[in-house]
2 protein chains.
Amino acid sequence: MNLQDVAKKAHVSIATVSRVLNNVGPVKKSTRARVLKVVSELHYHPNLHARSLAGGKSRTLGVIFSNLENPFFLDIFRSIESDAHERGYEVLVANTDYRPQQLVSSIHLMMGRRVAGLAVIVSEMEPHLINELTEANLRVVFYDVGTPSRNISNIRVNYPRGVQKTVEYLYSLGHRRIGFVGHHTGLDPLSDRQRSFIEAMKRCPQHVEYATAADRDGPEGGQQATRQLLQTGLRPTAIVAVNDFMAIGVLKELRENNLRVPADVSVTGYDNIRLSEFAVPPLTTVNIPRAEIGHLAFRALTPEEDGAQLEGREFRINPELVIRESTASPPGSA
Amino acid sequence: MNLQDVAKKAHVSIATVSRVLNNVGPVKKSTRARVLKVVSELHYHPNLHARSLAGGKSRTLGVIFSNLENPFFLDIFRSIESDAHERGYEVLVANTDYRPQQLVSSIHLMMGRRVAGLAVIVSEMEPHLINELTEANLRVVFYDVGTPSRNISNIRVNYPRGVQKTVEYLYSLGHRRIGFVGHHTGLDPLSDRQRSFIEAMKRCPQHVEYATAADRDGPEGGQQATRQLLQTGLRPTAIVAVNDFMAIGVLKELRENNLRVPADVSVTGYDNIRLSEFAVPPLTTVNIPRAEIGHLAFRALTPEEDGAQLEGREFRINPELVIRESTASPPGSA
DNA sequence: TTGAAAGCGATACCAC
DNA sequence: GTGGTATCGCTTTCAA
C-alpha cells in the first residue's frame with residue numbers, strides 16, 4: 001500500500017496526501033479530514049525508506065555499544081533514547097559483544113542507514129576506524145577514545161583517576177595485597193584500565209603486591225576471574241574489579257570460599273550502576289554519571305537549536321569515589 | 001555519494017557497480033577489481049533506504065520489548081539477534097517502558113520500516129493492537145497473548161502454572177502467610193499474573209492469608225513494594241515476586257529490616273535470569289528458557305528454508321521450578 | 001488550495 | 001559482460 005492508494009481513495013493527488021501526513025503547506029480542512037479518514041481506514045503507514053530517500057535528511061541517530069547486558073551501557077542508551085524521542089529523533093542500537101569485526105559492520109550498517117549522528121560507546125575501538133569516521137561526513141561522538149575534530153566529539157571519563165582514588169583509599173585502609181579483576185585485556189582501552197591499576201599500585205608509598213586476572217564481562221566472568229586470582233598465591237586482602245557488573249561475581253566467589261566481605265577481603269567496583277546498591281554488601285565503587293553521558297552524547301550529535309554549528313568538542317567527566325560497605329580495613333590491622 | 005559517483009570514477013555503468021556490490025550476474029574479474037578499488041577509495045557505503053525501496057524485500061526483523069533493562073527481555077533479544085545475524089538478517093529493537101502509547105508508535109515505526117517480521121514481547125498489549133497486526137500483512141509473533149492465525153504465531157509460557165508450582169512448594173514447606181510483589185498491575189497481562197497468584201493461594205487445602213503490593217519493574221520497585229507489603233500487617237513468612245529482577249529488591253528490603261532469608265522469610269522469583277544465582281541467597285525461581293524463546297521467535301518470523309510457508313503456530317513453554325537457597329520452612333515450624 | 005512531475009539512490013530486466 | 005532505463009514510494013518545487 002502506498003500514497004497512490006490513499007490518494008485514489010480520497011480523490012486527491014499524492015502530493016496532497018503527503019502534505020496532510022507531514023503537516024506542511026496549505027490544505028483545506030475538509031480535504032485534510034477526508035484524507036486522514038482514508039489513511040486510518042486503510043491502516044496506511046508511510047514507507048520510511050522512501051521517505052528518507054526523498055527527504056534527504058534523517059532524524060535518526062545510531063548508537064553502538066560493547067555490551068548492552070552491562071547496565072552501564074544500557075543506562076547510557078536509555079538516556080540518549082529519551083532525549084532523542086523528546087526531540088523527535090529515532091535511535092538505532094547495535095551491540096558488538098566487544099568484537100572488533102562486529103564493530104566494523106555495525107558502523108557500516110549505520111552509515112548505510114544514513115544516520116544523522118553516531119555515538120560509539122565501545123572498548124574495542126581501533127585507530128583505523130577512528131580515521132575512517134573522522135573522514136566520513138558524519139557527526140560522531142566517541143567514548144573515552146580519539147580526539148575532537150571537525151565532526152568528532154569526545155566524552156572522556158579519566159578512568160585512571162578513578163582507579164587511583166580507589167587504590168589510594170584501599171591503601172589508606174591498610175591494604176597491601178590487592179588483586180585486579182578485568183575483562184578482554186586484549187583490547188587496548190581495557191588493557192589500559194588494567195595498566196592504570198598497576199600504575200596506581202606502583203605509586204603507593206610503601207611496598208605493595210598485586211596480581212591481575214581477567215575473564216569475560218559480567219558476573220560469571222567476575223566469578224571466574226576471582227577464582228583464578230585466589231589461586232595465584234597472592235592472598236589478596238582487597239579486590240578491585242574493573243566494573244560493578246563483574247564485581248557482583250567477585251562477591252559470589254568470595255562468599256563461596258567462605259571469605260567475608262569486607263571483614264576478610266574488601267571489594268570495589270566501578271561505574272556505580274544501580275545494581276551496585278543491591279549487591280551484598282553494597283559496593284564501594286566509582287560513580288560514572290551515565291545519564292549525563294547520554295545527554296552529552298545526544299547534544300554532541302545534534303545541531304544546536306540556535307543554529308550554532310557545534311564544532312567537535314571534548315566533554316570531561318569526573319569520576320568520584322562512592323564508599324559503601326564492601327570495603328574496610330584488612331584483617332589483623334590496628 | 002552514490003552509485004553514480006563510483007560508476008563514473010571506475011568508468012562503468014551504475015548497473016555494473018550494483019552487480020559487483022551484490023555479487024550477482026557476470027562481471028569480468030578485472031572490472032570487478034577496479035570497481036571494488038574505487039568503492040574502498042571513496043569509502044562508499046550504499047544507501048540502505050534506496051536499496052530496500054528498490055529491492056522490495058527486507059532482511060530486517062523488528063523486536064519490541066517492555067523493558068530492556070530487565071535481563072529477561074535482554075536475553076531474548078540477544079538470542080533472536082544472534083540467530084538473525086547468523087542467517088543474514090538485521091534486527092531493530094524498541095523499548096516501550098510498559099507504556100501502551102509507546103507500544104503503538106513502536107509498532108507503527110516498525111511497519112513504516114517495512115520489517116520482514118515483528119516480535120512483540122510486551123505486557124501492555126491491547127486487543128485493538130492485536131487486531132491491527134492480525135489484519136496487517138506482516139509476520140508477527142506474540143509473547144503470551146493473542147491467538148495464532150494466518151500471519152500470527154504465539155509463544156506461551158503458562159505463567160499461572162509456574163506460580164502454582166511456586167505456591168504449592170511454599171505451602172508444602174509450611175508457609176501460610178504469603179505476600180506477592182508485582183508491577184504495573186494496571187496492565188492486563190500483569191494483573192493476570194497477580195490473579196494467578198491469588199487463585200493458587202485459594203486452591204490451598206488449608207486456610208492461608210495473602211497480600212499483594214506493586215511498584216515499578218526492577219530492584220528499586222521490588223524494594224519499594226516489599227516495604228508496602230511489610231506494612232500491611234500480614235507478617236508474611238514468604239514473598240513471591242513476579243520476577244527475579246524485582247526479587248532482588250525484595251531481598252534488599254528484608255535485609256534492611258533484619259529479616260533473614262530464608263530463616264525468617266522465604267523469597268521466590270520468576271524467570272531464572274542469570275543474576276538470580278548471584279543474589280544473596282541464590283533465588284528459588286521458575287525457569288523460563290529465554291534462549292529458546294528467542295529461537296522460536298526467530299523461526300516464527302522467518303520463512304522455512306525448504307519453502308514450507310509456516311502458518312502461524314503456537315509454541316508452548318513449560319515453566320519449571322528451580323529450588324535454590326532463598327526458600328525454607330517458616331520459623332517455628334516443626 | 002491542489003496537481004503534475006522531477007528527483008532521491010538503489011535494483012533488475014532487457015538489449016546489445 | 002556491460003549499459004540503458006523503468007521502477008520502488010515518497011518529498012518538494014512549480015504552475016495552475
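Chain letters run A, B, ... following the sequence lines, proteins first, then strands; residues in each count from 1. Just so it is clear, the values below take in all heavy atoms, side chains as well, and ignore hydrogens, waters and symmetry mates.
For A/P46, the listed nucleotide lying nearest its side chain is D/dC10; candidates were C/dA10, D/dC10, C/dG3. Considering only side-chain atoms of A/K28, the nucleotide from D/dG4, C/dT2, D/dT12 that sits closest is C/dT2. Distance from the side chain of A/T31 is smallest to C/dT1 among C/dA4, D/dG4, C/dT1.
D/dT12 atom P lies 13 Å from atom CG of A/N23, rounded to whole Å. To the nearest angstrom, C1' of C/dA4 lies 14 Å from CG of A/L3. Spacing between atom CZ of B/R59 and atom P of C/dA10 amounts to 21 Å, rounded to whole angstrom units. Atom CZ in A/R113 sits roughly 16 Å away from atom C1' in C/dG9 (whole-Å rounding). We find that CG of A/L21 is positioned 7 Å from P of D/dT11, with the value rounded to whole Å. Protein atom CZ of B/R19 is 14 Å distant from nucleotide atom P of D/dT5, rounded to whole Å. One atom, CG of B/D5, and another, C1' of C/dC8, lie 13 Å apart when rounded to the nearest Å. Atom C1' of nucleotide C/dA12 and atom CG of B/L53 are separated by 14 Å, given to the nearest angstrom.
Within the structure, every side-chain polar atom (N or O) of B/T16 is placed at least 4.0 Å from both OP1 and OP2 of D/dT2. Within the structure, every side-chain polar atom (N or O) of B/N47 is placed at least 4.0 Å from both OP1 and OP2 of C/dC8. Residue B/S18 places none of its side-chain N or O atoms closer than 4.0 Å to OP1 or OP2 of C/dA10. Side-chain nitrogen and oxygen atoms of A/K57 include at least one within less than 4.0 Å of the OP1 or OP2 phosphate oxygen of D/dT12. The phosphate of D/dG9 (OP1 or OP2) has a side-chain N or O of A/N2 nearer than 4.0 angstrom. Regarding contacts with the backbone of C/dA10, a side-chain N or O of B/Y44 is found under 4.0 angstrom from either OP1 or OP2.
Counting any heavy atom pair closer than 4.0 Å across all strands shown, A/S52 reaches no nucleic acid atom. Using a 4.0 Å heavy-atom distance criterion, B/P26 is classed as a base contact. Contact annotation for B/V12: backbone-only contact, meaning every heavy-atom pair under 4.0 Å involves sugar-phosphate atoms and none involves a base.
In terms of polar N and O atoms assigned as donor or acceptor, the side chain of B/R32 never comes within less than 3.5 Å of the base of D/dG1 in a complementary pairing. Checked by distance alone, A/R114 brings no side-chain donor or acceptor within 3.5 Å of a matching partner on the base of C/dG9.
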Legend entry - Verdict with reasoning, A/M110 to A/L138, per side chain to side chain contact (heavy atoms under 4.5 Å, CB included): CA-CA 10 Å; A/M110 294 296 184; A/L138 172 63; over 6 Å; no
Inset, instruction - Go through B/D83 and B/R299 one step at a time and tell me if the salt bridge (Lys or Arg N to Asp or Glu O under 4.0 Å) criterion holds. - result: CA-CA 9 Å; B/D83 285 7; B/R299 269 186 55 197; over 6 Å; no
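The two residues A/S79 and A/A291 have their closest heavy-atom pair at OG-O, 2.8 Å. When all heavy atoms of B/L3 and B/S18 are compared, the pair lying nearest together is CD1-CB, 4.2 Å. Residues A/I155 and A/I293 share a closest heavy-atom pair of CD1-O, 3.7 Å. Between B/G88 and B/R59 the shortest heavy-atom distance is O-NE, 3.5 Å.
Positionally, the nearest nucleotide of DNA chain C for A/R34 lies more toward the 5' end than for the other of A/R34 and A/I14. Mapping B/S13 and A/V17 onto DNA chain D via the closest heavy atom, the residue that lands nearer the 5' end is B/S13.
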